[in-house]
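To start, the structure itself, in structure tokens.
Side chains are part of it too, since the values below use all heavy atoms of this structure and drop only hydrogens, waters and symmetry mates. Chain identifiers are assigned alphabetically (A, B, ...) following the order of the sequence lines, protein sequences preceding nucleic acid strands; residue numbering begins at 1 within each chain.
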Amino acid sequence: MFSPALAEIRFGCGLSPDLRPKGSTEDILHRLAGPDHMAIAHPTADFDSFWPQSTALKALRRKRRLAEGTDSYDGLNAQYKAMRREARFDHIGWFGQIILRHSQTEDGFRERLALFWGDHFTAQGKSGLAKRMGAPYVDTAIRPYLSGRFADLLISAVTHPLMLHYLDQHKSIGPNSRVAQRSSGQKGLNENLAREVMELHTLGVGGPYTQRDVRQLAELFTGLGFKSKTGFQFKPNMAEPGSETVLGTEYGGDPAQLEAIHTVLADLAHHPATAHHIARKLVVHFVSDRPDPALVDHVAARFRATDGDLAQVYAALLEHPAAWRPELRNVKPPLDFIASACRALAVRPAHLNRMAPKRLAKGLLLPLVLMGQPWERSNGPDGWPEEDAAWITPQGLAARMRWAMLAPRQLIKLLPPPEIFVETSLGGYADGPVRFAARAAETQAEAIGLVLSSPAFQRR
Amino acid sequence: MPLSRRHFLARSAALGCSAAASPLLSPVSFAAAPWDSRLVVIILRGGLDALDMLQPYGDVNYAGLRPTLAGGPDHGGLDLDGFYALHRGLAPLMPLWKQQHLGFVQAVSTPYRNRRSHFDGQDLLEAGTSGLRPGGDGWLNRMLQHMGGVENRTAFAIGQGEMKLLHGPAQVSDWSPDAALTLSPQAKLLAQQMMKDDPLFHRALAEALELSQQGSMMLGQPASAGMDTGMGTEDMTMPVPSRGKSHLKIAEFAAERLRGDTRVAAFSINGWDTHANQSKGLGTAFRRLSDTILALRDGVGDVIWGKTAILAMTEFGRTVRENGSRGTDHGTGGAMLLAGGAIRGGRVHGRWPGLAEVDLFDRRDLRPTADVRSQAAWILRGLIGVDRAQLEQVVFPGLDMGDDPGLLL
């Protein structure tokens, strides 16, 4: 059964003392279809700001190297360090914006979807400034496509320079391409992205593809690349000549063109195996680690019927009674835990935006490390685990409890009265022991910390 | 995927009965460990300069390559064998060298070539494979998968950093002494009450409290302090990865576990990426490394030390020539440090490739003369008894172990 509080907890960012939960699934979907208020109010950066910034940093580093041993070295070194520091502070600030979006939004499902798809299409910078570009990548390549066609989302994410860099696609060279013929040895095809597209992004592991399909897709992908000064570029000189056959369909030909890559991605996006894989992932993420097959089938059927129209797919998820079983199951991952705690505490944007980067890092960003979820640093392209037991380890729980006891004092001026907080943060999900804890703790900070540590707050 | 303790916890969650009645939730007792020797793997992240740890002052080309980073006995290095001198930052380990409880393997590397990225280099070192594929399991976890009788606490990944070499389906415990939870008696009681009907939380809390208490005993607080005297939230700090002495807490915690049923411990020591002012940076990092090894030895005691092998390995070595900022840049061939009563110490293993221009890899790096994985494989073979076929096919797929380098007694 739909309930406004459950909708906010399970499909949104948690309960807030200030913002009223939505009254219906229609309202949730309606907001999702409207403008993205939070991205405007709490911005990160356009990914394309990366290219001039990284070019400037590299130039400065070169200048500094040439100046080694001369008088100008110290000045250049200071400039270089200041630029790096600025990038580091930007990065911390962006995390603050993500937290503010979660705590201020009336469109919480959108924030959850941004995290879900950002994880589904995990891409990480591996060096220099690129390491800090995760949030701009999600905001640029993923967030605008959250409720459109899955094919468009797939194409946007898979061909994004950060993804190409993360999975080495930009170095993949068709064995018979012009570039391969001109240079000697060592260079060749890299299957990384092609494999992950089939295994993780579309068909799913165990899907109906073979190593031959991976190889053919990798050949078709050759040419996807970027220029370090300007960004994405399709490079026909790196592309393998001729057509490729993926899952029985022939793509491409001469001359090599980007359109063929978009076509194969759109076909993969519409594949029935993709429908099932995405449906199952959504249900596992939003509802339960042990998904109800009827719910998965319902969502997958809508995916197939609408060629992956994501707004329709979400509607199918939200309209099914199995999505509304009242008991809270999934454990919030650390980021969601911290963000929903900030929402429950009604952290003020002005306060967070005024916090010095180092304090912000210590209060919000670094605790994620001990909780097991260093921001934008999941272990691989498969992203963060969904299993509850991956998070509630002795170390993970200890770090959450420590944060819950200590951080709120730094994030808001006055802690709320615990007996009120237990109701506003847990809604109808407060049970006897947590209500008792809120009353019986020795200090207000411990009481707030215990409420945030309760399974009722940590599950959704 | 970091499965770590997931299976175990899922099992206790699946019972669904009263947590207090579950035998899994009573003070933990474990079956006897499947083997008796102890293995500690330390990942030295950042790329340790092999030529500064083991200064090859006997090589005619060495001095010319390192004008300001000069080593050898005339520059403060500690002579090992007339050819190599040890960096003075490792001087606290000289007694171990003399006891033959400290050794090295020179000029080893993973199959990683020509790219020199920390990210990829460490991934490959921990994956133990010949090529990179992000997100797979780690070689030490594959070893555990293969060995029978591995329990929840047979292997520990310690510290706040990711230990990808232990990622995978085999059960592994994680704990960072930085996460230690000190609650007031009242808060502890209330938390236990709140979590008693949720087996996953109940179990994790019980273990966290137990592990936190052991951690604090190691830090010199009285044994009873963790339980019911005045420790409380005011003794905790924000849960952020600590700097400074965290390596000692990690070593002490590891030693405590290794005295019990734990057979494998892995953690990292960072700070080896010495692009500038290497002598200062390496001094700090070596002090950390030697403190760690000595804390492990003191912590496990003589008997267990006798059956312990410590492997400290790094993602790659550094350029043979120093750069313009008194440092070195990312290279290829590196060195491995071995310690413990089970290793054949007092010698530098491995084949020295030489430092003449033609002997270098890519005309800039120490040329690797052996695969770091085959060194690790032979240690798993001798120390734990993993058979060769498993090592070459499963733990390090596609590896040819070659001849036994004789790293163990």
Counting only non-hydrogen atoms closer than 4.5 Å, does A:Ser127 touch chain B with its backbone (N, CA, C, O), its side chain (CB onward), both, or neither? neither
Among A:Lys126, A:Arg402, A:Lys362, A:Arg459, which has the most heavy-atom pairs under 4.5 Å with chain B? A:Arg402
Using a strict threshold of under 4.0 Å (side-chain N to carboxylate O), is an ion pair present between B:Arg364 and B:Glu322? no
At a heavy-atom distance under 4.5 Å, which candidate from A:Pro455, A:Ala437, A:Pro367, A:Pro433 has the highest pair count against chain B? A:Pro455
Counting only heavy atoms closer than 4.5 Å, note whether A:Leu397 contacts chain B via side chain, backbone, both or neither. side chain
Side-chain (B:Ser176) to main-chain (B:Asp178) donor-acceptor, under 3.5 angstrom: yes
Using modelled atom types only, decide if a donor and an acceptor are shared between the side chain of B:Gln171 and the backbone of B:Asn152 within a distance under 3.5 Å. yes
Contact origin within A:Gln410 toward chain B - heavy atom pairs under 4.5 Å: side chain
Could you look at A:Gln395 and say if it's the side chain, the backbone, both or neither that has a heavy atom under 4.5 Å from chain B? both
Does a salt bridge link B:Glu126 with B:Arg45, judged by any charged N lying under 4.0 Å from a carboxylate O? yes
Passes side chain to side chain donor-acceptor pair (under 3.5 Å), A:Glu446 versus B:Gln186? Steps please. CA-CA 10 Å; A:Glu446 278 185 8; B:Gln186 171 79 339; over 6 Å; no
Proximal component of A:Arg195, with respect to chain B [non-hydrogen, under 4.5 Å]: side chain
